[in-house]
Amino acid sequence: MSPPATWTPAEETELIDFLVDCKTEAGNGGNFKKTTFQQAVTHIAPLLQHGPAKTVKGCQNKWAGFHKIYWVIRAIQAVSGWVWDNDTGASITLDSASSWDDYVKKHPGAKPFHNKGWCHLLKVALLMPSTATGANVYHPTAAVEDPPSPAATSEHSSVPHSDEQPEFLDHEDSDDDQPQSQASAPCKCACEPTTPTCIATKHPCVSHGATVLQDMSALLTQVGIALAAALAPPLNPIDPTPHRRSNAVAAALRVEKTWLSNNELVSFIDFLWVDQTAADIYLALDEPNVRKEWVRIQLERLGVIVF
């Protein structure tokens, strides 16, 4: 029996970069076809340092592991009171240690991220299903939406693997059988009289008082509708936090790529993802020159751009 393949950090990064380049080939849930992984095997082959060469199945398993880790981290990010950071993970302190211990008992796959992040999070997020609209929208106060995940088997890896795989349910709509139309009743023939019967038309007599009461009732109904509309709470014009965060990231990818390097752009996206206030400010900056200067200042504070 051949020994299991061992992945180096360089091989893992190269695999993710290759899949990001092939993002248009991804199906629902971030799944890729076998042909994509066949190309990935050839692409990362020069990076092999020791052990057996990577196989298509090995690459599929590795991506399944990344897929699994991503949703474990998304679940951590949804917990109120914790602040996720790509360097310090869940950033657990003495005050939050008790809640973390309780969480890990139910979700042991989260244990590696106590105070350690995951370097591949931002790139893997680019390959996950969109969370901008519809039922797949991610909300911090709701359960993490379960994605379709690639089939995975265990393979030795330098990346921590969770033992919890979110379940995925497919809902299939079915049309109810339409009721059959009832058979028409047999026709009964009757002899019509030779002379038509005249039916006297009755005209109801409505008093003036009844008419006034009907008008008052209609008026009270209109007043009730107006009061209900006036007392109803106003609709919230502000998008939920996940919407604004996703919109800010999408805007940064579209606008700032013309002057930021890939490393600077990834750092800026990470900054917007963690700091919701910064994401709101970024979306509000309509003037291009002001927005660009603001982005430069933020990256300078982060130490990404040095002037």
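Starting from 1, each residue takes its place in the sequence as its number. For clarity, every value in this text was computed on a predicted model and none was experimentally measured.
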Centroid-to-centroid, W82 to W100, below 6.0 Å? yes

Hey, does H120 have a side-chain heavy atom less than 4.5 Å from the side chain of T13? yes

Between A252 and I269, the two heavy atoms sitting closest are CB-CG1, 4.5 Å

In short, L283 meets A251 closest at the heavy-atom pair CD2-CB, 4.4 Å

When Y282 is tested against each of N247, T277, V255, V249 for side-chain contact (heavy atoms from CB on, under 4.5 Å), which residue passes? V255

Stepwise, does the side chain to side chain contact (heavy atoms under 4.5 Å, CB included) test hold for W259 with L265? CA-CA 9 Å; W259 68 284; L265 185 58; over 6 Å; no

So F66 and W118, would you call those rings parallel, tilted or perpendicular, with 30° and 60° as cut-offs? tilted

Hits for side chain to side chain donor-acceptor pair (under 3.5 Å) against D275, two or more places apart or cross-chain, chain-then-number order -> none

Grouping ILVMFWY residues whenever side-chain heavy atoms fall under 4.5 Å, the cluster of L122 otherwise contains V266

Can E293 and N289 be counted as having a side-chain donor-acceptor contact under 3.5 angstrom? no

Is the closest side-chain heavy-atom distance between V124 and I69 below 4.5 Å? no

So does E264 get a backbone contact from the side chain of S261, meaning a donor-acceptor N/O pair under 3.5 Å? yes

With sequence neighbours left out, the residues meeting side chain to side chain contact (heavy atoms under 4.5 Å, CB included) with D101 are none

How are the rings of W294 and F271 set relative to one another: parallel (under 30°), tilted (30 to 60°) or perpendicular (over 60°)? tilted

Apart from I297 itself, its cluster of hydrophobic side chains linked below 4.5 Å comprises none

Quick one: do the S96 and S99 side chains pair a donor with an acceptor below 3.5 Å? no

Determine, step by step, whether Y70 and L127 satisfy the side chain to side chain contact (heavy atoms under 4.5 Å, CB included) criterion, reporting the C-alpha distance in whole Å, the side-chain angles of both residues, the deciding distance to 0.1 Å, and the verdict. CA-CA 10 Å; Y70 173 81; L127 298 170; over 6 Å; no

Distance-only criterion, 3.5 Å: show the donor-acceptor pairs between side-chain atoms of residues 35-52 and protein atoms not counting sequence neighbours.
| residue | atom | partner | partner atom | Å |
| --- | --- | --- | --- | --- |
| T36 | OG1 | E25 | OE1 | 2.7 |
| H43 | NE2 | E14 | OE2 | 2.7 |

Can you tell me if D21 has over 12 outside heavy atoms packed within less than 6.0 Å of its CG? yes

Does some side-chain heavy atom of Q77 sit less than 4.5 Å from a side-chain heavy atom of I73? yes

Examine distances only and state if a side-chain atom of K54 and a backbone atom of T6 form a donor-acceptor pair shorter than 3.5 Å. yes

Among all residues two or more places apart in sequence or in another chain, which pass the side chain to side chain contact (heavy atoms under 4.5 Å, CB included) test with V274? D270

